[in-house]
Amino acid sequence: MSQNHDAQKTSETRKQPGSHFIKHIIEADLESGKYDGRVVTRFPPEPNGYLHIGHAKSICLNFGLALQYQGRCHLRFDDTNPMKEEMEYVESIKEDVRWLGFDWQEREYYTSDYFQQLWQFAVALVKNGDAYVDSLSSDQIRQYRGTLSEPGRPSPYRDRSVEENLELFEKMRRGEFAEGECVLRAKIDMAAPNIIMRDPTLYRIRKKSHHRTGENWCIYPMYDFAHCLSDSIEGITHSICTLEFENNRELYDWILDRLHAYHPQQIEFARLNLSHTVLSKRKLIELVRRKYVDGWDDPRMPTISGLRRRGYSPGAIRDFCDRIGVARRDSMVDLALLEHCVRQELNKTAMRVMGVLRPLRVVIENYPEDQSEMLPAVNNPEDESMGNRHIPFSRVLYIERGDFMEDPPKKFFRLAPGREVRLRYAYFIRCEQVVRDKNGEIAELRCTYDPETRGGDAPDGRKVKATLHWVSAAHAQQATVRLYDHLFTVENPAEQPDFLEVINPDSLETLTGCMLEPGLAKAAAGQRYQFERLGYFSVDSKDSAPGQPVFNRIVTLRDTWAKIQKAQKQQN
RNA sequence: UGGGGCGUAGUCAAGCGGUAAGACACAGGAUUUUGGUUCCUGCAUUCGGAGGUUCGAAUCCUCCCGCCCCAGCCA
C-alpha cells in the first residue's frame with residue numbers, strides 16, 4: 001500500500017512540467033541521505049562580461065533548485081584571472097541576478113577570498129608529490145602535451161624533489177620569477193587519454209593588480225584548481241555547469257580526492273542556444289566594440305540588460321527558462337518561445353492604449369470643428385480591476401497608414417474608399433474622399449461619422465469588419481518609437497563563416513512623429529503598454545526626455561493579417 | 001583516426017520493459033469593438049539506422065551512422 005503510494009508519487013513528480021534529470025539526481029540524493037538532506041548550489045560567473053539569457057537559464061536552474069528543495073544557492077564570483085576581470089562587471093551581474101528576482105542574501109562569495117586556502121591546498125599537493133613546478137615555456141608545454149591521438153611526454157622538470165618544488169613554489173609566490181617563467185602543475189599522467197589530465201596547470205604567474213586582492217598575489221589559481229576547491233569550501237552539494245566542462249570533471253574529482261576534501265558532485269547540462277541571435281561572450285563583445293549595437297544594453301542584445309531595456313519582464317524570462325527544459329543534448333531554442341512568454345504575461349498585465357505609428361490624417365467632415373468629447377475605454381479586457389480611462393475624440397484624427405488602402409486586395413477589411421469601419425471605443429466612420437498632395441501621395445482622408453454609433457455599436461445592428469485604433473490630432477502626444485526585429489537574419493549565425501555578415505539590416509527602425517493618446521505623456525520609464533493592434537512597448541529608460549518620450553517595441557502582437565499578406569505575396 | 005558526451009515531430013522536451021505526455025511553431029474552425037485574447041480540432045503507427053533478446057523494446061544487447069566537447073599559463 002505504502003509502496004504503491006510512493007511509486008505513484010514518483011511517477012507524478014516525474015510528470016510535472018519542469019521535471020528533469022538534475023532534479024532526479026537531487027531527489028535520489030535526498031532519499032539516500034548522500035548529503036544529509038542538504039541541497040546547496042551556486043551560480044559562479046566570471047566577472048568579465050555582462051550576463052545574457054543563457055546565464056539566466058543557469059541562474060533559474062541553480063536558484064530554482066535551492067528554492068524547491070529548501071536549500072541555498074551561493075553567488076560566487078569566479079575571479080581567478082586579473083587580466084580580464086573588473087569591478088564594473090560584478091556590479092552589473094549583481095544587478096541582473098537581483099532583477100531576475102533571485103536573492104543570494106548574505107551568500108556573496110569570491111574565489112579570490114579563498115586565495116590563501118587555495119595556496120595551502122596547493123602546498124599540500126606538492127608535499128604529497130602530486131604537483132610540481134615546471135620551468136618549461138608555455139610553448140614547450142604545448143609541444144610536450146601531445147595531441148588528440150598521440151600521448152604526451154613528461155617535462156624534464158617533472159621529477160624535481162618535493163623540497164625543490166616547495167622552494168620554487170614559494171619563490172613563485174614571492175614574485176621572484178617573471179610571468180611565464182614557470183607554473184605549478186599537477187603530476188598526473190602525460191599519456192592520459194583525457195588531455196585535461198596530462199599534468200594540467202594549477203597556478204600561473206600574473207603580475208597584475210587584482211580588483212579585490214590588489215597586489216597581495218602574483219600567482220593565480222587556474223579554473224580547474226580553484227573551482228572544485230571553492231565548491232568544497234562552501235559545502236556545495238550539486239555543482240552544476242555546462243557540457244563543455246564534462247572533460248574537466250575527471251580533474252575536479254582527482255583534485256578533491258588527492259586532498260581528501262569534501263567532495264561535491266559536478267553535473268553538466270546543455271547550454272542554451274537561441275535562434276536568430278548569438279550567445280558567445282566573444283561575439284557579443286564584438287557586436288559592442290565594433291558598434292553594430294549601441295552597447296551591452298542595446299535592446300537588440302540577448303543580454304539581461306538588453307532584454308530589460310527592451311522591456312522584457314523578469315517573470316517572462318523565468319517562465320521561458322522553466323519551459324526550455326534542462327537536458328544534455330545540444331539544442332537550439334526558437335526565439336518565438338521567448339516572445340510567446342512575454343506576450344502571455346503582458347496580455348494579462350499590460351495596460352491597453354492607442355498609438356498611431358505612421359499617422360494618416362483623417363478629417364470627419366460632419367463633426368463640428370470646435371467640438372471634442374471624452375470617450376471611455378477599457379484599460380485591460382483581461383483584467384477588469386485595471387478599470388477605465390477616457391480618451392478625447394475630435395474632428396481631426398490620425399489613423400495608421402496601413403489601415404487604409406485605396407485599392408484593397410482580397411481579405412483586406414480595413415478602411416477603403418466608400419467603406420465603413422469602427423474607430424475603437426468611438427464611432428463608425430465611412431471614407432468619402434481621398435485627398436492627395438502635389439506628389440500624388442495620400443495626404444488625408446475625408447470621412448463622415450455616424451453619431452448613432454457612439455461607443456462603437458450601431459443601433460440598427462449593422463456590422464463592420466474592422467476596428468481601427470486612432471488618436472485625436474489636437475490632443476496627441478508625439479513620440480519616437482523604435483521598432484526592433486531579430487538581430488540576425490538566419491537561425492544560427494554562429495555557424496556562418498562570418499556572423500557579422502548575417503546581421504539584420506532592419507533590426508532597428510526608428511519612427512519619429514508618432515501620435516499617442518494624451519495619457520501617455522506621463523508614462524514612466526520602464527512602464528509597459530500594449531499599443532492596441534500593434535504590440536507591446538515600453539518607455540526607454542535612457543533616451544526618453546520630458547515631453548519627448550521614446551518607446552521600444554518589446555514584441556509585436558501575433559499578426560494573422562501579416563501572415564495572409566506574406567502568403568499573398570508568395571502567390572504573386 | 002585517443003578520450004568524453006549526445007541522437008524522440010519544424011523547435012524544445014517527457015518517457016526509465018506494458019504499446020509515444022506537454023509546450024512553441026504550423027494548419028483549420030468558433031467567439032471577439034484589438035486580424036489580439038480565449039476556445040475547439042489537426043499535427044511521430046514510430047523514437048538516427050540495421051540486427052538481436054523478449055509474449056511485449058524509444059527503453060536491454062551488438063554493430064553501424066551522424067553531431068558536439070577536449071591539444072589556454074581562459075572560464
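Just so it is clear: chains get the letters A, B, ... in the order the sequence lines come, proteins before strands, and each one is counted from 1.
- Nucleic acid contact class of Pro381(A) (heavy atoms, under 4.0 Å, all strands): base.
- Among the atoms of the strands shown, only primed sugar atoms or phosphate atoms (P, OP1, OP2) are found under 4.0 Å from some heavy atom of Arg145(A).
- Proximity of Ser149(A) to the phosphate of rG2(B): no side-chain N or O atom is located under 4.0 Å from OP1 or OP2.
- Residue-level contact check: Leu557(A) touches the bases, meaning some heavy atom is under 4.0 Å from a base atom.
- Among the nucleotides rU11(B), rA75(B), rC70(B), the one closest to any side-chain atom of Asp334(A) is rU11(B).
- In this structure, of rU37(B), rC70(B), rA75(B), it is rU37(B) that holds the atom nearest to the side chain of Glu382(A).
- Between Ser137(A) and Asp139(A), the side chains place no donor N or O within less than 3.5 Å of an acceptor N or O (distance only, hydrogens not considered).
- Within 4.0 Å (heavy atoms only), Leu136(A) reaches at least one base atom of the nucleic acid.
- Distance from the side chain of Leu148(A) is smallest for rC70(B) among the nucleotides rC70(B), rG35(B), rC6(B).
- rG5(B) atom P lies 16 Å from atom CD of Glu244(A), rounded to whole Å.
- Nearest nucleotide to the Ile195(A) side chain, out of rC12(B), rC70(B), rC73(B): rC70(B).
- Nucleic acid contact class of Thr201(A) (heavy atoms, under 4.0 Å, all strands): sugar-phosphate only.
- Panel note: side chain Asp231(A), backbone Ser239(A); no donor-acceptor pair is recorded below 3.5 Å.
- A side-chain donor from one of Glu46(A) and Asn48(A) sits under 3.5 Å from a side-chain acceptor of the other.
- Computed from coordinates, the Arg323(A) CZ to rC24(B) P distance equals 6 Å when rounded to whole Å.
- Atom CG of Leu338(A) and atom C1' of rC12(B) are 13 Å apart (whole Å).
- One can place CG of Asp322(A) at 15 Å from C1' of rC24(B), the figure rounded to the nearest angstrom.
- At rG15(B), one or more side-chain N or O atoms of His24(A) fall inside 4.0 Å of OP1 or OP2 (strictly under the cut-off).
- When the side-chain nitrogen and oxygen atoms of His340(A) are compared with OP1 and OP2 of rC24(B), one or more of them lie within a distance under 4.0 Å.
- Among the atoms of the strands shown, none is found under 4.0 Å from any heavy atom of Asp224(A).
- Contacts of Val333(A) with the nucleic acid, taken as non-hydrogen atoms under 4.0 Å apart, involve only primed sugar atoms and P, OP1 or OP2.
- A gap of 26 Å separates the P atoms of rG51(B) and rU11(B), to the nearest Å.
- Distances shown here put a side-chain N or O of Thr560(A) below 4.0 Å from the OP1 or OP2 atom of rG36(B).
- Residue side chain Glu491(A) does not reach the base of rU11(B) through any donor-acceptor N/O pair under 3.5 Å, judged by distance alone.
- Contacts of Glu246(A) with the nucleic acid, taken as non-hydrogen atoms under 4.0 Å apart, involve only primed sugar atoms and P, OP1 or OP2.
- For Asp330(A) and rC70(B), the CG to P distance is 11 Å, given to the nearest whole Å.
- Remark: Arg204(A) is in phosphate contact with rC74(B), judged by side-chain N or O atoms under 4.0 Å from OP1 or OP2.
- Using a 4.0 Å heavy-atom cutoff across all strands shown, Val353(A) reaches no nucleic acid atom at all.
- A donor-acceptor contact under 3.5 angstrom links the side-chain atoms of Arg329(A) to the base of rU8(B).
- Of the side-chain N and O atoms in Arg533(A), none sit less than 4.0 angstrom from OP1 or OP2 of rG36(B).
- Here Arg352(A) lies in heavy-atom contact (under 4.0 Å) with a base.
- Applying the 4.0 Å criterion to OP1 and OP2 of rA75(B), one finds that Thr80(A) has a side-chain N or O inside that range.
- Remark: rA9(B) base-pairs with no nucleotide in the shown strands. Criterion, Watson-Crick or G-U wobble with two distances under 3.5 Å.
- Arg204(A) and Ser138(A) form no side-chain donor-acceptor contact under 3.5 Å, judged by distance and modelled atom types alone.
- A donor N or O paired with an acceptor N or O is found under 3.5 Å between the base of rG35(B) and the side-chain atoms of Arg414(A).
- Not a single donor-acceptor contact under 3.5 angstrom links the side-chain atoms of Arg343(A) to the base of rU37(B).
- Using a 4.0 Å heavy-atom cutoff across all strands shown, Ser331(A) reaches sugar-phosphate atoms only and no base atom.
- In this structure, rC43(B) makes no Watson-Crick or G-U wobble pair, since no nucleotide meets both defining distances under 3.5 angstrom.
- When heavy atoms are screened at a 4.0 angstrom cut-off, Met354(A) is found touching no nucleic acid atom at all.
- Atom pair Glu339(A):CD and rU37(B):C1' shows a separation of 17 Å (rounding to whole Å applied).
- With a cut-off of 3.5 Å on both Watson-Crick or G-U wobble distances, the partner of rA14(B) is given as none.
- Remark: P of rG4(B) and OH of Tyr252(A) are 21 Å apart, rounded to the nearest angstrom.
- Pairing for rC63(B) goes to rG49(B), judged as Watson-Crick or G-U wobble with the two contacts each under 3.5 Å.
- Using cut-offs of 30° and 60° for the angle between ring planes, the Tyr114(A) and Tyr109(A) rings count as tilted.
- By the 5.5 angstrom centroid cut-off and the 30-degree plane limit, Tyr223(A) is classified as not stacked against the base of rA75(B).
- Between Asn273(A) atom CG and rU11(B) atom C1' there is a gap of 12 Å when expressed in whole angstrom units.
- Using cut-offs of 30° and 60° for the angle between ring planes, the Phe77(A) and Tyr110(A) rings count as parallel.
- Interface remark: the Asn247(A) side chain does form a donor-acceptor pair with the rG3(B) base, using a distance-only criterion of under 3.5 Å.
- Among the atoms of the strands shown, base atoms are found under 4.0 Å from some heavy atom of Ile564(A).
- The partner of rU19(B) is absent, by the rule that a Watson-Crick or G-U pair needs both atom distances under 3.5 Å.
- Side-chain atoms of Phe413(A) lie closest to rG35(B) of the nucleotides rA75(B), rC73(B), rG35(B).
- In this structure, a donor-acceptor pair under 3.5 Å is absent between the side chains of Lys410(A) and Gln568(A).
- Comparing atom distances between the Glu532(A) side chain and each of rU34(B), rA75(B), rG2(B) picks out rU34(B) as nearest.
- Using a 4.0 Å heavy-atom distance criterion, Arg424(A) is classed as a base contact.
- The aromatic rings of Phe393(A) and Trp470(A) lie perpendicular to each other, with more than 60° between the two planes, well past the 30° mark.
- The listed nucleotides are rC26(B), rG35(B), rG3(B); the one nearest the side chain of Trp561(A) is rG35(B).
- Nucleotide rG36(B) is shown with an anti base, its glycosidic torsion being more than 90° from 0.
- Between Lys563(A) and rC26(B) there is a side-chain N or O to OP1 or OP2 distance below 4.0 Å.
- When each of rC12(B), rA71(B), rG5(B) is scored by its nearest atom to the side-chain atoms of Arg328(A), the top-ranked nucleotide is rG5(B).
- Residues Tyr312(A) and Glu339(A) bring no donor and acceptor atom of their side chains to less than 3.5 Å of each other.
- Side chains of Glu234(A) and His74(A): a donor on one and an acceptor on the other come within 3.5 Å.
- The phosphate of rG5(B) (OP1 or OP2) has no side-chain N or O of Arg271(A) nearer than 4.0 angstrom.
- For Ile196(A), taking side-chain heavy atoms from C-beta onward, the closest of the listed nucleotides rU11(B), rC70(B), rC73(B) is rC70(B).
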